[in-house]
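Just so we're clear, the structure is a prediction, and the values are computed from it rather than from any experiment. Values below: all heavy atoms of this structure, side chains included; hydrogens, waters and symmetry mates excluded. Naming convention: chains lettered A, B, ... in sequence-line order (proteins, then strands); numbering from 1 in each chain.
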Amino acid sequence: MDVSASLTGSFPRPESVVTLTRDLDRGRTTPEQVEAGYLAAEGDVLRIEAENGLAPRTGGYLRWPDLFRPFASGWPGFEVGPITRWFETNTFFRQPILKHPPERTPGAIARWLPAAGGALRAAEARAVLPGPYTFAGLLDNESGETFPSLVYRIGRLLAEELRELRTLGYASFQFQEPLLVVRPPEGPAAESVRAAYRALGEAAGPADTSLWTFFGDASPVFLLLSSLPVGLVGVDLAETVPEELPVPTSPCGLGFGCIDPRTTLLEDPAELVRLVEGTVARLKPTRVHLGPGAPLDLLPYAPATRKLGVLPAARDRLRRTGGSS
Amino acid sequence: MTQPLFPSQEIGSLARPRWQLLGQRGAPLDARAHTELTQWNERLHFLPAEDPSLKLFLSDRSTEVPPATVREWGSLFGLRYLEGLGLDRVYDGEARRVEMYEAAVRHMTGFTFEGHVRSFDQKYYLKAAATGAVGLTAPYHLEEFRYLKGLAKRELKLPVTGPYTIADWSFNEHYLERRPGWKHRAARREAQREFVEAVARNALRPTLQALVAAGCRVVQIDEPAAGTHPDEAELVAAGFNAATEGLDAEFSMHICFSDYRSLFPALLEAKRCSQWALEFANRDTADHDAYAELELLNEYGDRRGVGLGVLDVHRDVVETPEVVRDRILRAAKVLGDPGRIWVNPDCGLRTRSLEVAWKKLTSLVEGARLARKELAGSAS
């Protein structure tokens with residue numbers, strides 16, 4: 001059994017960057033000093049990822065204000081909108097407002113991705129992007145386009161993005177799809193999700209793709225998720241009881257979101273291994289991937305770093321047992 | 001205390017004046033802060049012009065005035081500001097508090113501050129974890145209350161952060177760790193219930209008890225986190241009940257920017273809550289009559305008071321008195337009993353400048369007067 005582990009979303013900014021960005025807002029430092037702070041912090045996250053054997057690496061996506069900002073600020077048709085609650089958390093994102101049918105600007109996203117700074121090769125990096133359903137569902141759609149049509153259109157645009165990123169060397173893509181489990185699609189919306197992911201699958205070619213869900217129970221929608229043309233589907237173990245996941249109709253990889261960023265309490269690797277082994281024996285995934293249950297930026301930097309240690313501990317035990325007891 | 005129809009109240013925080021921020025840091029006053037202090041004192045007369053400390057503060061030796069003195073002035077300024085507007089219930093704009101979470105947790109035991117979490121963009125808040133059983137080092141807000149009690153010309157209403165919000169804005173280690181097995185949602189829920197009740201019983205209730213003993217008669221329990229997890233509304237009520245159990249005072253609950261329907265009927269279990277202080281103005285648009293949402297209370301036969309949010313605290317646009325009046329009258333019509341209504345801003349006005357907040361609150365007071373006049377006219 002192939003068992004791997006990585007970060008699956010944003011890592012918290014270290015206190016040094018917190019101070020610098022606050023100071024910048026208050027006119028106490030310069031953009032150059034903030035940039036230097038980011039570079040150092042990204043280097044630290046890359047080092048932590050390497051030390052823990054996490055791959056592909058991400059650098060923590062420390063500069064992303066939220067999951068949608070690079071798109072809302074870089075793609076025509078969008079405006080950056082009001083502060084909006086990020087699911088059931090005490091954090092917020094700026095809701096993209098879609099004024100016109102969305103378009104894509106070549107190069108607009110690549111400059112936000114881990115290899116942009118030159119500290120990491122694109123081939124070793126994971127491009128973490130919003131999934132089309134979550135993106136379409138959380139924006140303020142003033143374009144007049146129907147929701148299912150918008151899901152598909154965004155899927156097509158993201159597919160074009162994937163093609164561009166592949167030419168830059170990226171070979172691993174992850175789509176963040178919390179909304180798929182918080183508000184599962186039905187009818188035409190479900191069909192549009194299938195169509196959008198077909199487009200993404202074609203664009204990805206041989207690249208590794210994953211769809212990561214969080215903040216909700218994946219069980220009710222797992223058959224849909226596991227039928228999509230992605231390499232693996234990630235579920236949030238804080239919300240999903242793995243015993244309740246139905247057996248997929250076709251083989252797929254399974255991601256276990258096993259670090260809960262809603263508590264600083266450390267997960268027990270032994271308990272996690274038991275949970276994974278039981279699930280693997282029942283669902284027989286093609287591969288197993290371990291990652292945070294939701295982006296770790298719900299935690300401060302120090303506890304996030306502590307909790308990250310659960311991933312290699314559990315991964316190494318699973319590798320020793322072959323992933324099933 | 002006898003109040004007029006549609007009495008007015010503040011909800012919580014005000015922007016901190018620049019002179020206070022600089023003075024508390026021990027930084028010299030700049031020209032802007034100097035002008036700000038001089039002009040507000042001319043308007044409110046909260047400090048005697050001949051006060052030697054004030055003269056020193058306004059000189060080029062401002063840093064010689066102790067930060068504690070400046071902090072006290074900030075509290076007095078907040079009080080006189082709200083009294084000067086003519087509000088019926090006042091406080092000090094939470095002038096002494098760092099912010100509503102940290103200011104409370106700093107007085108509790110069992111918490112460890114873990115670092116900053118990003119709220120949005122480049123805004124962060126310091127977040128603590130409950131790493132042990134929650135307790136209290138000493139009741140808090142007492143110093144500020146005693147100070148204000150000796151000076152207030154209007155009835156004081158003390159705002160205090162609610163137990164559910166403190167728990168929700170913290171990490172729960174201690175109470176979760178005691179639950180065996182993988183921490184699924186059900187385990188987290190029960191651990192959160194323990195956490196909320198521990199904050200309520202072990203920290204907030206003793207604090208409220210001390211405040212009541214000191215003469216505090218009106219308390220607003222702030223639960224801005226209530227809407228974050230609507231399925232936990234019963235925990236909000238349980239925390240409210242545990243915090244206020246056996247205490248003789250008037251308690252209200254402030255909630256904002258939430259889908260109120262999702263919180264009821266669970267919130268009705270907050271038995272000692274005599275007023276729901278709610279935000280409405282922010283969601284009141286040409287297409288949506290926010291005050292019609294009060295029908296929810298009628299559906300459950302709830303006859304408690306309503307602290308009616310009539311000022312949008314997120315926009316600088318100043319509501320006219322007529323807009324405020326109409327909002328009050330719409331709410332009165334839905335509730336069928338104008339006597340249950342207090343008028344207030346949607347939430348604390350901290351994000352607005354003092355000048356904008358002043359204009360908005362002036363409209364609030366005048367709008368309440370117009371609403372009284374309108375009702376008196378229609379009754380005659």
Could you check whether any side-chain heavy atom of A:Thr84 comes within less than 4.5 Å of a side-chain heavy atom of A:Arg94, counting everything from C-beta outward?
no
Ranked by heavy-atom pairs below 4.5 Å to chain A, first place among B:His229, B:His174, B:His314 goes to B:His229
Heavy-atom side-chain contact between A:Glu79 and A:Gln95 under 4.5 Å
no
For the interface with chain B, which of A:Thr21, A:Val241, A:Thr264 has the highest count of heavy-atom pairs at distances below 4.5 Å?
A:Thr264
Against chain A, label B:Asn172 side chain, backbone, both or neither, depending on which of its atoms sit under 4.5 Å from a heavy atom there.
backbone
Would you compute the distance between atom NE2 of B:His116 and atom CD of A:Glu15 and round it to the nearest 0.5 angstrom?
5.5 Å
Quick one: of A:Leu237, A:Thr89, A:Leu24, A:Thr240, who has the most non-hydrogen atom pairs under 4.5 Å with chain B?
A:Leu237
Pairs in or reaching into residues 9-42 of chain A: which pass ring-ring contact (aromatic ring centres under 6.0 Å, His included), with residues at least two apart or in two chains?
A:Phe11-A:Tyr301
Check: A:Thr213 side chain, A:Gly234 main-chain N or O, donor-acceptor pair, under 3.5 Å:
yes
Portion of A:Asp297 that has a non-hydrogen atom of chain B nearer than 4.5 angstrom
both
The interface call for B:Trp182 against chain A, heavy-atom contacts under 4.5 Å, is both
Measure the shortest side-chain to side-chain distance between B:Phe120 and A:Asp66 over non-hydrogen atoms and say whether it is less than 4.5 angstrom.
no
Please state whether the side chain, the backbone, both or neither of A:Arg69 comes within less than 4.5 Å of a heavy atom of chain B.
side chain
Lys/Arg N to Asp/Glu carboxylate O, A:Arg306 vs B:Glu114, below 4.0 Å:
yes
Is it the side chain or the backbone of A:Asp260 that comes within 4.5 Å of chain B heavy atoms, both, or neither?
side chain
Give, as side chain, backbone, both or neither, the part of A:Trp86 having an atom under 4.5 angstrom from any heavy atom of chain B.
neither
Proximity breakdown for A:Ile83 and chain B, heavy-atom pairs closer than 4.5 Å
side chain
